[in-house]
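First the structure, in the form of structure tokens, and then the observations on it.
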Amino acid sequence: MREFTMKDAYSFDADDAGLDVSYNAMFEAYRRIFARCGVPTVPVQADSGAIGGKGSQEFIFLTNIGEDTIILCDTCTYAANQEKAEFVRPTAIPGAPAPIEEVATPGVTSIEALTEFLGIEARQTAKAVFFMAKQNATGESFPVFAVVRGDLDVNEVKLANALGGVELRPMVDSEVAAYGIVAGYASPVGLRDDVRVVADLSLNDAPNLVAGANKPGFHVRNVNLGRDWTPAVTGDIASAQAGHGCARCAAEGRDGHLRAERGIEMGHVFRLDYTYTNKMNVAVQDANGGQLTPTMGCYGIGVGRILSAAVEAHFDDAGIQWPAEIAPYDVHLVGIGLDRDAEAAADAEALYAELTAAGLDVLFDDRDERPGVKFNDADLLGMPVRLTVSSRNTKAGVVETKARAATEAESVARADVLSRVQALRAEAIASCSVEAIERIARAGSAPA
RNA sequence: CGGGGUGUAGCUCAGCUUGGCAGAGCGCUUCGUUCGGGACGAAGAGGUCCGCGGUUCAAAUCCGCGCACCCCGACCA
């Protein structure tokens with residue numbers, strides 16, 4: 001669903017402690033909302049991006065058709081957007097710095113080709129990517145030369161953050177040439193001073209790498225950071241990938257590994273901090289009559305996506321299985337052959353009235369259709385509970401009861417139908433606890 | 001913004017290459033039979049072939065312009 005109708009909410013507090021209370025209350029409320037809607041979401045650390053502020057968390061519905069890449073730990077509960085995910089970099093091959101040495105590599109312009117040509121591993125190379133950056137605040141534009149170890153990929157969002165909030169775009173060929181960079185053989189060694197070099201953490205303690213020679217057809221061996229080149233900025237600018245170590249687990253002495261999943265953003269909560277209240281000079285009176293700038297939180301839910309995600313997460317071959325809290329009706333009452341049996345018809349009408357009086361929403365199928373058509377429609381529409389009234393059942397003094405998810409129907413004495421329906425409803429609601437839903441969510445992607 | 005595709009009955013679509021009476025399945029209406037997991041027979045209704053213009057004896061079909069919707073791309077040298 002491309003359309004994105006947002007439910008928005010904002011909080012204003014006098015101080016950081018107040019924001020913490022508001023933010024946490026909203027965060028917990030969101031977990032309960034998604035759970036009750038039966039939408040399996042995982043709370044993940046997110047990049048605040050263009051919105052700004054001091055950190056945010058997204059509620060992600062994991063599904064193969066998702067547009068976002070989410071990194072999850074298989075051991076602890078760490079989960080983060082790929083633009084945010086911290087990870088433990090695979091170790092480099094140790095060694096004493098050796099003399100730099102040029103090597104001819106005709107036609108070898110990619111990391112893959114380079115490792116094959118020289119018979120080395122990707123982590124023994126340095127990969128360079130170049131961008132034009134525009135400082136958001138000043139509008140100043142400058143070239144950026146990002147370097148990561150060859151086994152990793154540059155993450156643009158992380159790179160932009162490492163540069164203090166800039167807008168990045170890939171260099172066009174003319175710019176590449178203008179800054180004296182040779183694409184395919186680019187090197188941080190001997191680069192012009194006006195190009196800002198940013199190094200990933202993976203380059204620390206990674207000796208004797210192979211990098212470009214900055215002339216066509218040649219690379220150089222034994223490039224060492226610090227000796228041969230010095231970055232202007234060093235930071236986390238590489239994407240976490242499946243198989244990498246979990247940073248949280250490492251910090252706590254465990255050995256967790258990350259996996260990657262696709263997901264759709266269902267909601268997002270931000271600590272906006274003073275970003276906007278400062279910018280807009282918001283001031284309120286404090287308890288002592290003085291002026292106070294409030295701190296903000298911002299909270300959104302993609303309302304329309306809840307419906308499609310709920311269905312995506314709850315269906316079978318026969319149709320939808322609505323989570324109880326958001327089902328259009330609580331009960332699907334199927335009448336069989338009512339036009340040919342006045343007694344059964346009266347029974348169905350009475351049951352409809354009884355359930356409605358008890359506060360249940362009832363969809364009453366009194367069409368003159370064959371039973372098979374009605375049962376199939378009931379499965380397709382997917383209300384949580386199906387009741388069947390027919391002359392056979394009425395004569396026996398029972399009503400057939402079936403939860404949508406159940407495989408078998410049960411005959412319930414007419415007098416006990418209401419309490420049985422209420423019990424099934426209570427069960428269905430209980431199955432959507434925060435714990436249950438988030439366990440389902442983390443278990444993996446729903447089918448596309 | 002770039003590339004590709006689609007537009008025909010209520011719905012899903014064929015027909016377009018090679019111009020010649022507007023089609024199918026499902027759904028709908030009526031009648032009869034049937035009646036606990038998508039019944040059967042018979043009869044029937046239903047169209048601005050996205051719009052405008054052009055070519056032609058003749059256009060759903062060919063040509064031009066326009067509109068709408070869908071998919072892919074617009075990151076990793």
Side-chain angles (χ1 to χ4, degrees), chain A residues 1-3 65 67-69 82-83 105 107-114 122 125-133 143-160 167-177 179-188 198 200 202 211-217 219 237-241 316-319 332 334-341 344-345 348 365-381 386-396 398-402 404 406-411 448:
Chain A
M1 179 173 291
R2 184 171 297 175
E3 164 262 346
I65 59 173
E67 294 168 7
D68 299 335
T69 299
Q82 190 169 42
E83 287 80 56
T105 53
V108 178
T109 59
S110 69
I111 296 294
E112 194 189 351
L114 185 62
T125 69
K127 180 195 289 187
V129 188
F130 358 111
F131 301 90
M132 289 305 294
V144 171
F145 191 97
V147 189
V148 298
R149 216 173 54 199
D151 56 327
L152 301 174
D153 288 320
V154 172
N155 186 298
E156 258 186 65
V157 174
K158 285 184 172 184
L159 177 60
E167 218 169 282
L168 293 173
R169 62 166 177 80
M171 275 192 192
V172 297
D173 290 348
S174 61
E175 289 163 337
V176 172
Y179 289 107
I181 298 166
V182 181
Y185 298 95
S187 174
V198 183
D200 182 64
S202 56
N214 211 30
K215 60 179 180 180
H219 280 79
I237 61 164
S239 289
Q241 287 164 5
D316 62 14
D317 290 345
H332 194 132
V334 177
I336 301 293
L338 300 187
D339 53 320
R340 284 171 283 114
D341 185 330
D365 185 354
D366 60 354
R367 295 174 299 168
D368 180 16
E369 281 289 352
R370 297 166 61 83
V373 172
K374 295 190 166 200
F375 289 139
N376 279 306
D377 282 349
D379 288 343
L380 183 67
L381 294 177
R386 189 189 78 195
L387 300 180
T388 306
V389 172
S390 66
S391 37
R392 179 203 297 176
N393 288 337
T394 295
K395 282 191 179 62
V398 301
V399 171
E400 211 169 283
T401 306
K402 179 179 170 301
R404 174 62 179 81
T407 50
E408 295 293 323
E410 49 177 335
S411 284

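Just so it is clear, the structure is predicted and the values come from calculations on it, not from any experiment. Reminder, nothing fancy here: chain letters follow the sequence lines and each chain counts from 1.
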**Asked** side-chain contact (heavy atoms from CB on, under 4.5 Å) between Gln241(A) and Asp153(A): does it pass, once the steps are laid out?
**Response** CA-CA 9 Å; Gln241(A) 287 164 5; Asp153(A) 288 320; 3.0 Å; yes
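- Atom pair Glu400(A):CD and G37(B):P shows a separation of 11 Å (rounding to whole Å applied).
- Using a 4.5 Å heavy-atom threshold, the side chains of Ile336(A) and Phe375(A) count as touching.
- With both pairing distances under 3.5 Å, G53(B) is matched to C63(B) as a Watson-Crick or G-U wobble pair.
- For the C1' atom pair drawn from U8(B) and A24(B), the interatomic distance equals 12 Å after rounding to whole Å.
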Under 3.5 Å, which protein N or O atoms sit close to an N or O of nucleotides 28-30 of chain B? Give each pair with its distance.
none

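- Atom CZ in Arg149(A) sits roughly 17 Å away from atom C1' in C76(B) (whole-Å rounding).
- Comparing the same atom, C1', in G46(B) and in U29(B) gives a spacing of 10 Å after rounding to whole Å.
- Using atom C1' as the reference point in both A68(B) and C52(B), the two lie 15 Å apart (nearest Å).
- Between the CD atom in Glu83(A) and the CD atom in Glu156(A) there is a gap of 10.0 Å [rounded to 0.5 Å].
- For U17(B), there is no paired base (Watson-Crick or G-U wobble, both distances below 3.5 Å).
- In this structure, the salt bridge (charged side-chain N to carboxylate O under 4.0 Å, His left out) partners of Asp316(A), at least two apart in sequence or on a different chain, are Arg404(A).
- Across G37(B), C75(B), A77(B), the shortest atom-to-atom separation from the side chain of Glu156(A) is found for C75(B).
- Straight-line distance from the CG atom of Asp368(A) to the P atom of U33(B): 13 Å, rounded to whole Å.
- Taking only side-chain atoms of Val129(A), from C-beta outward, the nucleotide of G37(B), A77(B), C75(B) with the closest atom is A77(B).
- Taking only side-chain atoms of Arg340(A), from C-beta outward, the nucleotide of C35(B), G37(B), A77(B) with the closest atom is C35(B).
- Across the protein-nucleic acid pair, Asp339(A) atom CG and U33(B) atom P stand 13 Å apart, rounded to whole Å.
- For the pair Ile237(A) CD1 and C75(B) P, the computed distance is 18 Å after rounding to whole Å.
- Spacing between atom CG of Asp153(A) and atom P of C75(B) amounts to 15 Å, rounded to whole angstrom units.
- In this structure, of A77(B), C75(B), G37(B), it is A77(B) that holds the atom nearest to the side chain of Met171(A).
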Find every protein N or O atom lying less than 3.5 Å from an N or O atom of nucleotides 38-42 of chain B, and list the pairs.
| residue | atom | partner | partner atom | Å |
| --- | --- | --- | --- | --- |
| G38(B) | O4' | Asn376(A) | ND2 | 3.0 |
| G38(B) | N2 | Asp377(A) | OD1 | 2.9 |
| A39(B) | OP2 | Arg370(A) | NE | 3.3 |

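- Pairing partner, A74(B): none, since no Watson-Crick or wobble contact has both distances short of 3.5 Å.
- With Ile237(A) as the partner, the side chain to side chain contact (heavy atoms under 4.5 Å, CB included) test is satisfied by one option alone out of Val148(A), Asn155(A), Leu152(A): Val148(A).
- Looking at Val147(A) and Val198(A), their side chains never come closer than 4.5 Å, going by heavy atoms from C-beta outward.
- C72(B) sits 49 Å from U30(B) when the C1' atoms are compared, rounded to a whole Å.
- Contacts of Tyr185(A) with the nucleic acid, taken as non-hydrogen atoms under 4.0 Å apart, are absent.
- For the C1' atoms, the distance linking U6(B) with A43(B) amounts to 36 Å, nearest Å.
- When rounded to the nearest whole Å, the span between CZ of Arg392(A) and P of C35(B) equals 13 Å.
- Partner assigned to C31(B) is G41(B), using Watson-Crick or G-U wobble distances below 3.5 angstrom.
- Across the strands present, A9(B) finds no partner; the criterion is a Watson-Crick or G-U wobble pair with both atom distances under 3.5 angstrom.
- In this structure, Phe375(A) places its CZ atom 12 Å from C1' of C35(B), rounding to the nearest Å.
- Taking Asp377(A) as the reference, Arg367(A) meet the salt bridge (charged side-chain N to carboxylate O under 4.0 Å, His left out) condition, with sequence neighbours excluded.
- If you check every strand for non-hydrogen atoms under 4.0 Å, Asn155(A) touches nothing.
- When heavy atoms are screened at a 4.0 angstrom cut-off, Gly337(A) is found touching no nucleic acid atom at all.
- Atom name C1', nucleotides U56(B) and U61(B): the rounded distance is 13 Å, in whole Å.
- Arg340(A) meets the salt bridge (charged side-chain N to carboxylate O under 4.0 Å, His left out) test with no other residue; sequence neighbours excluded.
- Using a 4.0 Å heavy-atom criterion, one finds that Asn393(A) contacts the bases of the nucleic acid, with or without backbone contacts as well.
- Judged as a salt bridge (charged side-chain N to carboxylate O under 4.0 Å, His left out), and not counting sequence neighbours, Asp68(A) has no contacts.
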**Prompt:** After noting the C-alpha distance and the side-chain angles of Met171(A) and Tyr179(A), does the key distance pass the side-chain contact (heavy atoms from CB on, under 4.5 Å) rule?
**Reply:** CA-CA 10 Å; Met171(A) 275 192 192; Tyr179(A) 289 107; 3.9 Å; yes
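- C40(B) and C26(B) have their P atoms separated by 9 Å, given to the nearest Å.
- In summary, Asp379(A) and Lys374(A) do not engage in a salt bridge, as defined by a charged side-chain N under 4.0 Å from a carboxylate O.
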**Residue pair Met132(A), Glu175(A): steps toward the side-chain contact (heavy atoms from CB on, under 4.5 Å) verdict** = CA-CA 9 Å; Met132(A) 289 305 294; Glu175(A) 289 163 337; 3.4 Å; yes
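- Straight-line distance between the P atoms of G25(B) and G20(B): roughly 22 Å, to the nearest whole Å.
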